[in-house]
Amino acid sequence: MNIEGSVALVSGANRGLGKAIVEALLEAGAAKVYAAARDEKNVATRDPRVVPLRLDTRKPEQVAAAARTAHDVTLLVNNAGALTSYNVLTSSQEDFEVDFGTNVQGTLAVIKGFLPVLERAAGGASIVNVLSLTSLASFPAMGGYSASKAAAYSITQSLRPELKKKGIEILAALPGPIDTDMVKALPIPKSSPVDTARGLVAGIARGDEEIFPDPMAVQMGALWEKSHKELERTFASL
Ligand SMILES: NC(=O)c1ccc[n+]([C@@H]2O[C@H](COP(=O)([O-])OP(=O)(O)OC[C@H]3O[C@@H](n4cnc5c(N)ncnc54)[C@H](OP(=O)(O)O)[C@@H]3O)[C@@H](O)[C@H]2O)c1
């Protein structure tokens with residue numbers, strides 16, 4: 001899609017990757033970006049093109065209100081996400097519920113809430129679900145989170161043919177580890193949020209159905225294309 005002149009909404013835009021995606025979209029010429037956050041007062045910006053917006057993706061009344069306010073959106077970036085469940089045997093039911101409630105049901109609820117808005121967009125619209133390499137193969141140390149991101153990837157695939165008929169494309173962004181609060185305790189190599197966001201926006205501009213926005217994602221994405229089994233074994237060995 002042409003980012004120039006687009007009107008975007010980014011969820012979880014107050015910190016981490018979401019904040020960097022807002023900046024990358026502005027750099028790429030977006031006309032307006034709704035920076036959605038559970039507490040919109042945490043959105044710090046001086047750019048007049050940024051509109052802070054309250055949105056907890058797990059609260060249906062806030063999703064409905066956001067869709068009424070942001071009625072001109074042409075690019076929806078579902079970035080809000082949670083990493084609460086780790087090892088599948090030891091994570092609690094509540095931890096699973098947070099990850100599935102946010103990464104799967106919250107993402108789907110926002111898509112459904114914004115469908116009428118996106119359908120109205122003259123010239124078509126795009127949805128980008130910020131998923132993870134763990135959507136493609138489980139990273140056992142984060143097995144619960146991986147399962148939620150795999151489910152969100154499956155939902156992305158389910159929606160693609162249906163949305164295409166409505167003039168809406170849906171893309172899956174599949175980053176590797178990023179240097180944000182989410183994985184700050186993990187001593188592994190990470191990409192910067194700024195570089196990852198720029199890679200992600202470049203993928204949106206190209207219309208890649210699978211966006212691999214950072215060097216590790218490119219490497220693991222190539223391995224996944226070659227052999228799903230080898231990617232599974234690689235993640236299991238980390
Ligand atoms: N960091 C990584 O290594 C990595 C790798 C691959 C993919 N990702 C994905 O990238 C996305 C952004 O993650 P991040 O690394 O920037 O994580 P982060 O620093 O933990 O930020 C998470 C963001 O999501 C928001 N959020 C959580 N639950 C929400 C809800 N119910 N409604 C609205 N917003 C909610 C948070 O809001 P609050 O500030 O209110 O908590 C925060 O803005 C996520 O989807 C994540 O799964 C991250």
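One-based numbering, in listed order, for ligands and for the atoms of each. Treat the numbers as computed from the prediction; the structure is a model and nothing was measured. Excluded from the calculations below are hydrogen atoms, water molecules and symmetry mates; all remaining heavy atoms, backbone and side chain alike, are included.
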Cluster link [X] to [Y], ILVMFWY, side chain under 4.5 Å:
X: V22; Y: Y34; answer: no
X: V63; Y: L118; answer: yes
X: V130; Y: I127; answer: no

Discussion item. So that I can tick it off, tell me whether K229 and E232 are bridged by a salt bridge, with the cut-off set at under 4.0 angstrom between side-chain N and carboxylate O.
Written reply: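 Yes, this pair counts.
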
Fill in: Ionic contact status for E27 with R198, cut-off 4.0 Å
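Salt bridge between R198 and E27, a charged N being under 4.0 Å from a carboxylate O: yes.
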
Worksheet item: Quick check: does any side chain N or O of N103 sit under 3.5 Å from a backbone N or O of G81, one acting as donor and the other as acceptor?
Response: no

Which of the numbered atoms in ligand 1 are below 4.0 angstrom from a heavy atom of [X]?
X: P175; value: 6 (C), 7 (C)
X: G12; value: 25 (C), 43 (O)
X: L131; value: 6 (C), 7 (C), 8 (N), 9 (C)
X: L55; value: 32 (N), 33 (C)
X: P177; value: 3 (O)

For [X], is the nearest heavy atom under 4.0 Å from an atom of ligand 1?
X: A37; result: no
X: G176; result: yes
X: K149; result: yes

I need the nearest protein heavy-atom contact for [atom]: residue, atom name and distance, please.
atom: atom 24 (O) of ligand 1; result: G81 N, 3.4 Å
atom: atom 12 (C) of ligand 1; result: N79 OD1, 3.1 Å
atom: atom 30 (C) of ligand 1; result: T57 OG1, 3.5 Å
atom: atom 41 (O) of ligand 1; result: R38 NH2, 2.7 Å
atom: atom 47 (O) of ligand 1; result: Y145 OH, 2.7 Å
atom: atom 14 (P) of ligand 1; result: T180 OG1, 3.5 Å
atom: atom 18 (P) of ligand 1; result: R15 NH1, 3.7 Å
atom: atom 10 (O) of ligand 1; result: V130 CG1, 3.5 Å

Ligand 1 contact on [X] by region, counting heavy-atom pairs under 4.0 Å:
X: L83; result: neither
X: T102; result: side chain
X: L133; result: neither
X: V183; result: side chain
X: K190; result: neither

Would you give the length of the straight line joining atom [atom1] of [X] to atom [atom2] of [Y], rounded to the nearest 0.5 angstrom?
X: L136; Y: L131; atom1: CG; atom2: CG; answer: 8.5 Å
X: E97; Y: D95; atom1: CD; atom2: CG; answer: 9.5 Å
X: K166; Y: R120; atom1: NZ; atom2: CZ; answer: 13.0 Å
X: I170; Y: L163; atom1: CD1; atom2: CG; answer: 5.5 Å
X: T196; Y: D214; atom1: OG1; atom2: CG; answer: 5.0 Å
X: F96; Y: S91; atom1: CZ; atom2: OG; answer: 5.0 Å

Item to complete: Give yes or no for whether the N/O distance cutoff of 3.5 Å, strictly under, is met between L17 and ligand 1.
Response: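 N/O-N/O distance below 3.5 Å exists for this pair.
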
Worksheet entry | R15: which of N42, D181, T180 passes side-chain hydrogen bond (donor to acceptor under 3.5 Å, both in side chains) |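 Filter result, single survivor: D181.
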
Worksheet item: Any idea which of I178, N42, D181, D56 brings a heavy atom closest to atom 4 (C) of ligand 1?
Response: I178

Practice prompt. Indicate whether the side chain of Y153 and that of E210 have a donor and an acceptor atom separated by less than 3.5 Å.
Written response: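 Looking only at side-chain atoms, E210 and Y153 do form a donor-acceptor pair, the distance falling under 3.5 Å.
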
